[in-house]
Structures are given as structure tokens and as C-alpha cells.
Amino acid sequence: MYDIELKNELERRWSSVREELARQQADALLVTTNVNLYYVSGRVFAGMAYIPSEGEPLFFVRRPVGLKGENVLYIRKPEEIGDRLRERGIALPRKLLLETDSIPMGEYLRYEKIFSPEQIGNGTRLLRTVRSVKTPFELGRLRLSGRLHAEVYRRIPELFRPGMTDLELSVEIERESRLKGSRGIFRIFGQSMEIFGGSVLAGDNADTPSPYDFALGGGGLDTSLPVGANGTVLSDGMSVMVDMGGNFTGYMTDMTRVFSVGELPDLAYRAHDASLEIQRRIAEAARPGTPASELYVIAVHTAAEAGLSEYFMGHRQQAGFVGHGIGIEINEMPVLAPRSKEILAEGMVFALEPKFVIPGVGAVGIENSFAVTAGGLEKLTPMDEEIVPLA
């Protein structure tokens, strides 16, 4: 089912999952969602991965045909899993973990009936905890994604044409991304969290509140997907914030850069400088062992010192965080928010996005992806950070 390099990588991941299973005194974890199937098997398939606290994982596959391996077992329906386990002399789990934050109730009840465990626990939290610390392999994927992401952004001034709309610029950036190898999907954890590719926010559209839990919103093209570009014509004196996804390797980097059509008011440049100062201070403070909530406090205090609190992380509607973990989803752990319980650890990767919205101008600020190392932060999205004039 996989080559030696991937098998060794997966062995490390399985070992981390088993350690968490032992800590929670659970017998097994059943994985069914695409993103976590990819994490524990190296590919997406229709079926389930069964990871016991002891022994090798088993992969129960319905589609596609043709997958091979001694741990690959083809089934027609989940009800066959119990018999397959018994055939291998494996007892059904007394405590089973399911992805209870992600699967529908009907699926939960089905697995409860199949396994009849004494106790069911939350496997979603376990997987998010394990995934929050990246392996060297994963960090390599993220570094490559960051480099390609930056290469696309460097082309943006060439993609701009006077008179175009935010949507037209977004389409050109999306095309450039696909030509660079973007997978074209931006996976997000959470109920009803959805976006197409990312956001290009121009002018006052950046101040349009969104129902989604993103740093900034945008009205979108209609109420069926109320986020992002809305057809605004890119006009003189307007900022253009590009926050497009960077999924070039299955691992996603997050990156924002700001462009301007002509000159912006002094307030916009001052707010942008404040974003860079927030990033600098957080980069100085962030080390393994640092509470994520402390980094949020640094951001809020720095914005207040600059007299810009009313514009920070939105104007009409303000976001309650300044950064979030990234990996195979864009909102992994840790979350840089005031009530966050997470502590930075070596190998964590997060996007830091201090942003401001200036009414009548648009959004300014920065977003970069960082890896936590023993000596501090490593920037994964290398590119100039000043506001770049488009015309």
C-alpha cells in the first residue's frame, strides 16, 4: 500500500497514536474521515482505519479497488469489521474512540452497535493533538508548500490589469496556483466551515462581516457562500488583501500579502507597520513551552499601543484570535486566542495573521506560516512583507 519511506513515516504516527490511546486507557481508535484517513494511511479511501493500542493498524476498504497489503481488508459494509477482527483473533474493544466531533449521529450509532463497547471516547481530540506536532517529513512538505506559495504571490503584480475586479484577480491567482501544483482544495476543520481557494478582499468588502470563523470575511458573490471576493472593481486608493490557500503537497501553508491600487492613506501604512511589529514581538516570544494565549495578549497589547484597537482583526466584526495551527487542515492546533489552553511544542506549525481593517480603504496586515523549533520560530512563507503597489 505504501513505499518504505512512507511506511517509516506512518510507523512514527501510529506510535504517537498508540501512546495517546494508552494515556486515555483506550483499546482502539476507528478513523473514518478523509483528512484523518490520509494522516494514518497516507491516502484517502472510502472505508475505515482501525488502530489498536497494541498491534498493527487494519484498513477496511470499500473503494477504490486494487489496494494491496497484508493489513488491507476489503469489506462491503462496516458490519463486517467485527467478523474480520475475530478471524484475526482480535478482541472487540472495551473502550473505543470515534471521531465524535466530525461524524454524524447515525454513523456514531452504527459503530456503537457494531462494536458494543463499554465506553466510547472522543478520537477527534486525540488525532488533533497528535497531528499538532509535525514530524520531519511533514515539516518538509510544509516548507515546500511555503516556497511554492511565495512563488505564486510574487507573480501577483504581473497578473494585475487596470480595471479588473477582485474576482478576476482571484481567478488569475488560482490559475497560477494550479499551474504550480496546487491541489485546489482547502481543507478546514469545523462545522459548516467552507471557502473556495481563499480570499481576495478589496476595499470595503474586507469590512463585510462573515458567518465563518475566519480572521476577515468579505461578502462573497451571493449568500450561498458569503465570504471572499464580491466583484469589487479594484480602484485607486484601495487596498487588496490576498489570502489564498497554499495546498501544494497535501500540507497547507497560510499566507497573506497586501497590495495597493495607487497610494493609501497614512493610517493604512501605520496599521500595516503595527502588524509587522506584532509579528516581530510574537516571533521573539514564541518558544517551546510558551502558552498560545500569551501570544494573543502580545498582539492585542501591541495594537492598543499603536492606538489601533478599533481596527484590529476586523472593524465592524472582530475575530477573537490572531493565529491558528496548520497542516493537512488550515485550522489545526494550536489556536492563538485568549482562552487557548495549548502550549507551544517543538514541531508545531501555525499561521500568524495580525490584520487591520480601515474603513474606506480595506484590509492591511500580514500572515505567515511558522514552525516552532527549539530556538524559536522558522518562517515557512518567505517573501517581502511591505505593501506592494499594483499601479
Side-chain angles (χ1 to χ4, degrees), residues 128-129 131-154 186-189 198 214-216 241-258 272 274-303 313 319 321-338 340 342-355 365-386:
R128 282 174 62 79
T129 298
R131 281 169 38 200
S132 69
V133 177
K134 274 57 180 178
T135 66
F137 174 87
E138 292 178 292
L139 290 171
R141 297 286 85 195
L142 284 157
R143 290 187 184 102
L144 176 57
S145 188
R147 289 196 296 271
L148 293 171
H149 205 167
E151 286 179 17
V152 170
Y153 274 36
R154 291 189 188 101
F186 209 24
R187 287 192 167 111
I188 308 172
F189 174 79
F214 299 134
L216 300 179
M241 176 171 279
V242 178
D243 184 3
M244 303 295 289
N247 181 9
F248 296 90
T249 63
Y251 282 80
M252 281 161 273
T253 45
D254 221 350
M255 179 180 183
T256 296
R257 293 296 185 270
V258 175
H272 191 79
S275 292
L276 298 179
E277 178 63 12
I278 290 169
Q279 178 180 255
R280 185 191 68 78
R281 292 186 183 184
I282 286 179
E284 282 186 353
R287 296 288 187 278
T290 303
S293 59
E294 286 187 9
L295 303 183
Y296 177 82
V297 171
I298 290 171
V300 170
H301 285 177
T302 306
M313 300 306 291
F321 63 93
V322 74
H324 54 85
I326 51 173
I328 49 181
E329 292 178 306
I330 65 163
N331 50 348
E332 298 190 356
M333 295 161 54
V335 179
L336 278 58
S340 175
E342 286 117 32
I343 307 296
L344 295 192
E346 186 174 356
M348 284 185 170
V349 178
F350 64 86
L352 174 63
E353 52 178 329
K355 298 172 180 176
I366 195 73
E367 181 175 23
N368 281 302
S369 298
F370 292 94
V372 180
T373 74
L377 297 185
E378 174 192 352
K379 189 179 294 182
L380 304 177
T381 43
M383 184 185 166
D384 291 343
E385 298 175 349
E386 300 301 325

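From a predicted model like this one, the values you see are computed outputs, not experimental measurements.
- With rounding to the nearest 0.5 Å, the separation of CG in Asn368 from CG in Leu352 is 7.5 Å.
- Residues forming a side chain to side chain contact (heavy atoms under 4.5 Å, CB included) with Thr373 (at least two apart in sequence, or on another chain): Glu378.
- Closest non-hydrogen pair, Ala292 versus Val335, comes out as CB-O, 3.5 Å.
- Leu344 places none of its side-chain heavy atoms less than 4.5 Å from the side chain of Pro288.
- When all heavy atoms are compared, the tightest approach of Ala319 to Ala215 is CB-O, 3.6 Å.
- By the side-chain hydrogen bond (donor to acceptor under 3.5 Å, both in side chains) test, His272 is found to be paired with no residue, residues two or more places apart in sequence or in another chain being considered.
- Between Ile328 and Phe189, every side-chain heavy-atom pair lies at or beyond the 4.5 Å cut-off.
- Between Pro338 and Ser293, the shortest heavy-atom distance links the atoms O-CB, 3.6 Å.
- Contacts of Glu284 classified as salt bridge (charged side-chain N to carboxylate O under 4.0 Å, His left out), with partners at least two apart in sequence or in another chain: Arg280.
- A side-chain donor-acceptor contact under 3.5 Å links Thr249 to the backbone of Arg141.
- A side-chain contact (heavy atoms from CB on, under 4.5 Å) with Ile366 is found for one member of Met241, Met255, Arg257 and no other, namely Arg257.
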Walk me through whether His324 and Asp254 qualify under side chain to side chain contact (heavy atoms under 4.5 Å, CB included). CA-CA 10 Å; His324 54 85; Asp254 221 350; 3.1 Å; yes
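- Scanning both residues, Ala150 and Pro382, for their nearest heavy atoms gives CB-O, 3.3 Å.
- With a 4.5 Å cut-off on side-chain heavy atoms, Leu295 and Val322 do not count as touching.
- In terms of the ring pair (Phe, Tyr, Trp, His ring centres under 6.0 Å) criterion, residue partners of Tyr153 (sequence neighbours excluded) are, by chain and number, His149.
- In this structure a side-chain-to-backbone donor-acceptor pair under 3.5 Å is present from Thr302 to Ile298.
- A donor-acceptor pair under 3.5 Å links the side-chain atoms of Arg287 to the main chain of Gly375, judged by distance alone.
- Between Glu138 and Val349 there is no side-chain heavy-atom pair separated by less than 4.5 Å.
- For Arg154, the salt bridge (charged side-chain N to carboxylate O under 4.0 Å, His left out) criterion is met by no residue, not counting sequence neighbours.
- Take Phe214 and apply the ring pair (Phe, Tyr, Trp, His ring centres under 6.0 Å) test, not counting sequence neighbours, and it matches Tyr212.
- Between Phe321 and Glu353 the shortest side-chain heavy-atom distance falls below 4.5 Å.
- Under the 3.5 Å distance criterion, the side-chain polar atoms of Thr381 are matched with a main-chain donor or acceptor of Ser369.
- In this structure Glu332 satisfies the salt bridge (charged side-chain N to carboxylate O under 4.0 Å, His left out) test together with Arg131, Lys134, sequence neighbours excluded.
- Proximity of Ile282 to Phe370: side-chain heavy atoms (C-beta onward) are nowhere separated by under 4.5 Å.
- Taking the side-chain hydrogen bond (donor to acceptor under 3.5 Å, both in side chains) definition, one finds that Glu342 meets it with Ser340, sequence neighbours left out.
- For Ala283, the side chain to side chain contact (heavy atoms under 4.5 Å, CB included) criterion is met by Leu377, not counting sequence neighbours.
- The distance from atom CD of Glu367 to atom CD1 of Ile326, rounded to the nearest 0.5 Å, is 8.0 Å.
- Proximity of a side-chain donor or acceptor of Ser132 to a complementary backbone N or O of Met348 within less than 3.5 Å is not detected.
- Applying the side-chain hydrogen bond (donor to acceptor under 3.5 Å, both in side chains) test to Asp243 and every residue at least two apart in sequence or in another chain returns Thr256, Lys355.
- A distance of 8.5 Å separates CZ of Arg143 from CZ of Arg147, quoted to the nearest 0.5 Å.
- Not counting sequence neighbours, Glu294 has no partner by the salt bridge (charged side-chain N to carboxylate O under 4.0 Å, His left out) test.
- Interatomic distance, CG of Asn331 versus CD1 of Ile188, reported as 6.5 Å (0.5 Å rounding).
- In terms of the side-chain hydrogen bond (donor to acceptor under 3.5 Å, both in side chains) criterion, Glu386 has no residue partners (sequence neighbours excluded).
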Go through it in stages, so that I can follow the logic: the residues are Tyr251 and Leu139, the test is side chain to side chain contact (heavy atoms under 4.5 Å, CB included), and I'd like the CA-CA distance, side-chain angles, deciding distance and then a yes or no. CA-CA 9 Å; Tyr251 282 80; Leu139 290 171; over 6 Å; no
